[in-house]
Amino acid sequence: DLTVESITDSIFGDVADPGNPEVLSTTCDTTIGELLTPGSTTSCSFVAEVSGNAGDLHTDTVTVVGLDPSGAEVVGSDDAMVDILDALPVPLDVVKSGAPLVLPEPGGTTSYDVVVSHSGDEAVIVTGVSDDLDGVVSDVSATCSVSFPYVLVAGGSFTCSFTSDHTGVPGDTFTDVVTVTAADDEGNDASGVSNEVTVTIEDVPSLPLEVVKSVDPGSLPEPGGEFTYTVVVSNPGSNVDSIVVDSVDDVRTAPGGAVEAFDVSGSCDVAGFPVTLGPGELFECSFVVEHLGDGGDTFIDVVVASGTDDDGGDASGVSNEVSVSLTDVPSLPLDVFKLAEPDDLFEPGGGFAYGASVANPASNVDAITVSSVFDTRVDSDGTVAVVDISSSCNLSAFSPPAFPVTLQPGASFLCFFDDDHSGVPGDTFSDTVTAPGVDDDGDAATGVSNEVTVSIKDALPTLQVAKVADPDEIMDIG
């Protein structure tokens, strides 16, 4: 019989000692003191760490010492070999972030941060860091917190920070990935590739075309005339996009509310349309419009410049509203002239013939509408009579030939009528003709004639002499 005295390993020492720091765990402590009879066996195990490079051969020998009943030692041993195999490294962890990830057109600068970490068991050698922007590769090693080549131990990390400029049109995208090149000491690839980071260019809506309109003069006396309009069309300097201007139209509102649009593109100082305005660029238009009407009439104009920006968005602009007016020119009253034939008659009087002309002075601007004509008669005793003489007027030149009748500046008509005046010598009869009228602006333009006075004159006495002969014949006496 043999009693197990000790169990030792050529590398790890006493493997039956639970306190041996080289041994992670063991069951051999329970084997010590065990009695082995002839032909019997026992076993135990222990765990220890074996390390080395790929291809290394780890050999160790376990020796067991036993004592027989007489106390003599009996020794037995055996060895075991462990091959160190090459373990492929874990790829580096590469995490990339960027800000901002959305850039207003036409783009700008994005800052990127990269964190490189190693979760493997053995150190790797990092030789460089590169950035792939949509297939264009650039070396960003100089932006990292370490110099290369760099030994990155298990559990270690480093960072990189760099910027990229991205420009384009709305909807454009830019995708970046970072590659960290590394290998272990056996030359096995340990490179890592980051997540993709995408930057997008977003649309910046364009401010509309700025259209500023002015006019000279701001008013004219009726009936009006020519007004000169000046228009400046510009693409606001704060815009990002160019704007293509297709046309310029003038929208005019007449006093009655009628609206009409006119293409005034030909009045602009450009070679032709469409024309492209970059931010801050402008052109000018100048055109003349004739506005005719009555005093108080107002004409309202706005200009519309039609355009689209680089992204196809509507960028049309509407000008400020410009108003011009016609000022009233006060009308002179109707010119009424009256005459009588004869100026006087012998007592007891008789019939007098009167004539009157009614005219709209040629210097007037407005037409005057005459509603009637009447004669005001004042007798010697102060008696006043007003007589409508409209029917005595010759309106054959007008259509219709009846009152009310409209006289344009310079136009006139005549009236002829008779009146009987009787009385004693010295009696007078005064007449004036009044033509009520209103001009185009509704202002009174009534005309009153000169005063015409006729009189009764004294008749001189007369003798009637009658002559007779008696006899009215005699004989011839030879």
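Starting from 1, each residue takes its place in the sequence as its number. What you see below is based on every heavy atom in this structure, not just the backbone, and it leaves out hydrogens, waters and symmetry mates.
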J.: For residues Asp165 and Thr109, is any side-chain donor paired with an opposing acceptor at under 3.5 Å?
T.: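 There is such a pair between these side chains.
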J.: Give a yes or no on whether the backbone of Leu332 and the side-chain of Asn364 come within a donor-acceptor separation of less than 3.5 Å.
T.: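 The answer is yes, because a donor-acceptor pair under 3.5 Å joins these two groups.
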J.: Can you list everything that forms a ring pair (Phe, Tyr, Trp, His ring centres under 6.0 Å) with Phe403? Sequence neighbours excluded, please.
T.: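 Listed in chain order: Phe413.
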J.: Do you know the tightest heavy-atom contact between Gly225 and Leu292?
T.: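 The answer is N-CD2, 3.8 Å.
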J.: What ring-ring contact (aromatic ring centres under 6.0 Å, His included) pairs are there with at least one residue in residues 242-275, not counting sequence neighbours?
T.: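 Qualifying pairs: Phe273-Phe283.
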J.: Evaluate Thr369 against Thr406 for side-chain hydrogen bond (donor to acceptor under 3.5 Å, both in side chains), listing each step before the verdict.
T.: CA-CA 4 Å; Thr369 299; Thr406 300; 3.2 Å; yes
J.: Does any non-hydrogen side-chain atom of Leu152 lie less than 4.5 Å from one of Leu92?
T.: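 Yes, at least one pair of side-chain atoms sits under 4.5 Å.
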J.: Against Leu334, only a single residue in Val373, Val448, Leu407 fulfils side chain to side chain contact (heavy atoms under 4.5 Å, CB included); can you say which?
T.: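 Of the listed options, the one satisfying the test is Leu407.
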J.: Show, in sequence, the C-alpha distance, side-chain angles and deciding distance for Val114 and Val94, and conclude whether the side chain to side chain contact (heavy atoms under 4.5 Å, CB included) test is met.
T.: CA-CA 7 Å; Val114 180; Val94 185; 3.7 Å; yes
J.: Does Thr3 use its side chain to pair, donor to acceptor, with the backbone of Gly33 at less than 3.5 Å?
T.: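 Side chain of Thr3 to backbone of Gly33, a donor-acceptor pair under 3.5 Å: no, none is there.
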J.: For Ser449 and Val336, indicate whether the former's side chain and the latter's backbone hold a donor-acceptor pair under 3.5 Å.
T.: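 No; zero donor-acceptor contacts below 3.5 Å.
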J.: I'd like to check Thr434 versus Thr446 (side-chain heavy atoms, cut-off strictly below 4.5 Å). Are they in contact?
T.: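 Heavy-atom side-chain distance check passes, below 4.5 Å.
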J.: Quick one: which residue pairs count as a side-chain hydrogen bond (donor to acceptor under 3.5 Å, both in side chains) with a foot in residues 263-288, not counting sequence neighbours?
T.: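 Residue pairs passing side-chain hydrogen bond (donor to acceptor under 3.5 Å, both in side chains), neighbours aside: Asp263-Ser265.
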J.: Got a sec, which residues hit salt bridge (charged side-chain N to carboxylate O under 4.0 Å, His left out) with Asp241, two or more places apart in sequence or on another chain?
T.: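 Applying salt bridge (charged side-chain N to carboxylate O under 4.0 Å, His left out) to Asp241 gives none.
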J.: Keeping the roles fixed (side chain from Thr26, backbone from Cys28), state whether a donor-acceptor pair exists under 3.5 Å.
T.: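 Yes, Thr26 side chain to Cys28 backbone: donor-acceptor pair under 3.5 Å.
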J.: Quick check: do Ile7 and Val4 have side-chain heavy atoms less than 4.5 Å from each other?
T.: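 In contact.
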J.: Between Ser319 and Val303 (side chain of the first, backbone of the second, donor and acceptor by atom type, cut-off under 3.5 Å), is there such a pair?
T.: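 The answer is yes, because a donor-acceptor pair under 3.5 Å joins these two groups.
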J.: Apply side chain to side chain contact (heavy atoms under 4.5 Å, CB included) to Asn235 and Leu282, showing your working.
T.: CA-CA 6 Å; Asn235 182 357; Leu282 57 85; over 6 Å; no
J.: Quick one: does Asn20's side chain have a donor or acceptor within less than 3.5 Å of a partner on Asp17's backbone?
T.: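 Not confirmed, Asn20 side chain does not pair with Asp17 backbone.
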J.: What is the minimum heavy-atom distance between Pro255 and Phe299, and which atoms define it?
T.: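 In terms of heavy atoms, the two residues are closest at CD-CE2, 3.3 Å.
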J.: Test of understanding: with ring pair (Phe, Tyr, Trp, His ring centres under 6.0 Å), list the residues that count as partners of His166, not counting sequence neighbours.
T.: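 By the ring pair (Phe, Tyr, Trp, His ring centres under 6.0 Å) rule, His166 matches Phe174.
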J.: If you look only at distance, which donor and acceptor atoms sit under 3.5 Å apart when one is on a side chain in residues 195-211 and the other is two or more places apart or in another chain?
T.:
from: Asn195; atom 1: OD1; to: Lys96; atom 2: N; distance (Å): 2.7
from: Asn195; atom 1: ND2; to: Lys96; atom 2: O; distance (Å): 2.9
from: Thr198; atom 1: OG1; to: Thr175; atom 2: OG1; distance (Å): 3.3
from: Ser206; atom 1: OG; to: Asp309; atom 2: OD2; distance (Å): 2.8

J.: Any heavy-atom pair between the side chains of Thr42 and Leu36 that's under 4.5 Å?
T.: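 Yes - at least one pair of side-chain heavy atoms lies under 4.5 Å apart.
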J.: So do Pro436 and Phe374 actually touch side chain to side chain, heavy atoms under 4.5 Å?
T.: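 Yes; the side chains approach each other to less than 4.5 Å.
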J.: Could you tell me whether the side chains of Thr8 and Asp14 share a donor-acceptor contact shorter than 3.5 Å?
T.: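 No donor-acceptor contact under 3.5 Å links the two side chains.
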J.: Could you work out, with side chain to side chain contact (heavy atoms under 4.5 Å, CB included) as the rule, every residue matching Pro401, not counting sequence neighbours?
T.: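 By the side chain to side chain contact (heavy atoms under 4.5 Å, CB included) rule, Pro401 matches Leu395.
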J.: For Cys44 and Thr27: C-alpha separation, side-chain torsions, deciding distance, then whether side chain to side chain contact (heavy atoms under 4.5 Å, CB included) applies.
T.: CA-CA 5 Å; Cys44 68; Thr27 63; 3.5 Å; yes
J.: Give every donor-acceptor pair under 3.5 Å between a side-chain atom in residues 214-222 and any protein atom, sequence neighbours left out.
T.:
from: Glu222; atom 1: OE1; to: Gly295; atom 2: N; distance (Å): 3.0
from: Glu222; atom 1: OE2; to: Val329; atom 2: N; distance (Å): 2.8

J.: For residues Tyr112 and Ser97, determine if any side-chain heavy atom of one lies less than 4.5 Å from a side-chain heavy atom of the other.
T.: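 No. Closest side-chain heavy atoms not under 4.5 Å.
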J.: Asp328 and side chain to side chain contact (heavy atoms under 4.5 Å, CB included): which partner among Asp366, Asp440, Asp294?
T.: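 So the option named by the test is Asp366.
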J.: Which pair of non-hydrogen atoms, one from Gly293 and one from Leu326, has the smallest distance, and what is that distance?
T.: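 Closest pair (atom of Gly293, atom of Leu326, distance): N-CD1, 3.2 Å.
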J.: Checking side chain to side chain contact (heavy atoms under 4.5 Å, CB included) for the pair Val74/Leu67: CA distance, chi angles, key distance, verdict?
T.: CA-CA 6 Å; Val74 177; Leu67 297 177; over 6 Å; no
J.: Which pairs of donor and acceptor atoms, one on a side chain in residues 135-146, lie under 3.5 Å apart (sequence neighbours left out)?
T.:
from: Asp139; atom 1: OD1; to: Ser141; atom 2: N; distance (Å): 2.8
from: Asp139; atom 1: OD1; to: Ser141; atom 2: OG; distance (Å): 2.6
from: Ser141; atom 1: OG; to: Val129; atom 2: N; distance (Å): 2.9
from: Ser141; atom 1: OG; to: Val129; atom 2: O; distance (Å): 3.3
from: Thr143; atom 1: OG1; to: Val140; atom 2: O; distance (Å): 2.7
from: Ser145; atom 1: OG; to: Thr159; atom 2: N; distance (Å): 3.1
from: Ser145; atom 1: OG; to: Thr159; atom 2: O; distance (Å): 3.2

J.: With the side chain counted from C-beta on, respond yes when Val251 and Val304 share a heavy-atom pair under 4.5 Å apart, and no when they do not.
T.: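 Val251 vs Val304: side chains touch.
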J.: Grab the two heavy atoms, one from Ala356 and one from Val433, that are nearest each other, plus how far apart they are.
T.: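 Shortest heavy-atom contact: CB-CG2, 4.1 Å.
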J.: Listing request: all ring-ring contact (aromatic ring centres under 6.0 Å, His included) pairs with a residue in residues 213-238, at least two apart in sequence or in separate chains.
T.: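 Counting only pairs at least two positions apart or across chains, the ring-ring contact (aromatic ring centres under 6.0 Å, His included) contacts touching residues 213-238 are Phe227-His291, Tyr229-Phe287.
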J.: Quick one: which residue pairs count as a side-chain hydrogen bond (donor to acceptor under 3.5 Å, both in side chains) with a foot in residues 57-73, not counting sequence neighbours?
T.: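 Applying side-chain hydrogen bond (donor to acceptor under 3.5 Å, both in side chains) to every pair that reaches into residues 57-73, excluding sequence neighbours, yields Asp68-Ser70.
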J.: Step by step, would you call Asp1 with Thr37 a side-chain hydrogen bond (donor to acceptor under 3.5 Å, both in side chains)?
T.: CA-CA 5 Å; Asp1 295 335; Thr37 61; 5.0 Å; no
J.: Can a donor-acceptor pair be found, under 3.5 Å and without considering hydrogens, that links the side chain of Asn394 to the backbone of Ser396?
T.: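 Yes: the side chain of Asn394 pairs with the backbone of Ser396.
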J.: Using the salt bridge (charged side-chain N to carboxylate O under 4.0 Å, His left out) criterion, which residues pair with Asp250? Sequence neighbours excluded.
T.: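 With sequence neighbours excluded, Asp250 shows a salt bridge (charged side-chain N to carboxylate O under 4.0 Å, His left out) to Lys213, Arg252, given in chain and number order.
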